[in-house]
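Here's the structure we're looking at; comments come further down.
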Amino acid sequence: MTDTIYLDDLPDAVVVVGHDGVVTYVNRATERLAKAGGDQLRERRLDDVLPLLDGAGNAWWACSSRLRRLPGVRRIPARELQLVLGSRVVPVELAATFLRGPQGEFLEALCVLRDDSARRRGDVTRAELISTLAHELRSPLTSVKGFTSTLLHRWDRFPDDQKRFMLATVNDDADRVTRLINELLDVSRIEAGRLELRRRPVDLPKVAADVVERFKLNPDGHTFAVSFPDDFPEVYADADKVAQVLTNLVENAVKYSDGGMVRVSGEVADGSVEVVVGDQGIGIPADQIPLIFTKFYRRGGRGAPSGTGLGLYIARGLVEAHGGRISVESEVGRGTDVRFRLPLSGPGGAGE
Ligand code: ADP
């Protein structure tokens, strides 16, 4: 029973219901939600002490009896219900697991209820997220709108080189918007496990050189070095996705360093290839390294370069979709190496 002590520390309400619909366990969060002591809730019917109704007013426990009888059903995906406590109606999200015996017979339902406060916490982060994305979309559009309207209205007043500069900026910023939208689409594909790879033999040194070439166009005080051994093998991979991983990593190397050298190097290591993107930038504190691959994680602080916190999340998703691994070594104030490994073998090979 000591394990249940941990359940008492959970922010979400946990309720265990036996096959007869009687509550056998509630944690502290359930007591807070129901505004009742555990002994007023346990050993009583769920429908009496914690009535959960769907949008049409049907009791969830009764409605789910068919699912409880189906031996294959173990997880009930989260759904919105109303917890009716006298005159108080609390909207909750319920997720449940059906615990079953060896023959698949229903034993107990382990239910987790999240009330509005938990969901409001989620809404705040969602609101922050929308504002970050809106900002990221708006800033390139500002120059697109500004320069195009300037050119439309005062075409004759600018010399050619200035017009060219404005059009080049518009062009770059339109690319930025497209990239951001593609990133968002990638995130949803990675999350849904629907990332499709079009694998073919890829000349990785060539892909790396092409990516770096694009950054050389706007050098920003950096120098670039690309080094791969001459006999570097072709990798069976999706060239566009590998280019995207490299773009995200080189972009970070440039963004989080104040000039200096950005290196892209490759080597062959038993059955796989390894590529390292290194910089001489600000580095990442050791305790933050596990976080930087998570979705929307950004190390904030004033003066931090703009971004969405998606670059490394996507890079990891793409590398892992290839059966590879990505990792980071960094020293604050000295620089960061991000390395990723891709299996060498083609279809049917040992690493597939
Ligand atoms: P973004 O750059 O949009 O914030 P990323 O997912 O690419 O998102 O990176 C997440 C965080 O990891 C960044 O906010 C940054 O703090 C840190 N980071 C990534 N790459 C580097 C790097 N090469 N050097 C220092 N910090 C980095």
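Order of listing sets the numbers, starting from 1, for every ligand and every atom in it. All figures in this text were calculated on a predicted structure; none of them were measured in a lab.
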Classify the side-chain pair Tyr297/Gln288 by whether it contains a donor and acceptor separated by less than 3.5 Å.
yes
Part of Leu310 with heavy atoms under 4.0 Å of ligand 1, whether side chain, backbone, both or neither
backbone
Any heavy atom of Gly309 sitting closer than 4.0 Å to ligand 1?
yes
Would you mind checking if Glu196 and Arg189 are paired as a salt bridge, meaning a charged N to carboxylate O distance below 4.0 Å?
no
If you measure from the Lys or Arg side-chain nitrogens to the Asp or Glu carboxylate oxygens, is any gap between Asp173 and Arg176 under 4.0 Å?
yes
Taking only non-hydrogen atoms of Gly283 and a 4.0 Å limit, the atoms of ligand 1 in range are 25 (C)
Ring centroid separation Phe106 to Phe98 under 6.0 Å
yes
Is the closest N or O pair between Arg298 and ligand 1 shorter than 3.5 Å?
yes
Polar contact flag for Gly307 and ligand 1 (N/O pairs, less than 3.5 Å)
no
Examine Ile282 against ligand 1 and note whether any of their N/O atoms are separated by less than 3.5 Å.
no
Quick test of your reading of the model: are Asp12 and Arg114 salt-bridged, counting only N-O distances below 4.0 Å?
yes
Counting heavy atoms only, which of Leu249, Thr336, Leu312 is nearest atom 5 (P) of ligand 1?
Leu312
Does an N or O anywhere in Ile284 fall below 3.5 Å from an N or O of ligand 1?
no
Do Arg214 and Asp210 meet the salt-bridge criterion of a basic N to acidic O distance under 4.0 Å?
no
Counting each atom of ligand 1 from 1 as listed, which ones have a heavy atom of Thr308 under 4.0 Å away?
3 (O)
Looking only at distances, can you tell me whether any N or O atom of Tyr297, backbone or side chain, sits closer than 3.5 Å to an N or O atom of ligand 1?
no
Any heavy atom of Lys255 under 4.0 Å from ligand 1? The part involved is side chain
Do Gln244 and Asp186 get their side chains close enough for a donor-acceptor pair, meaning under 3.5 Å?
yes
Count the heavy atoms of every other residue, nucleotide or ligand shown that sit under 6.0 Å from CZ of Arg325, and state whether that count exceeds 12.
no
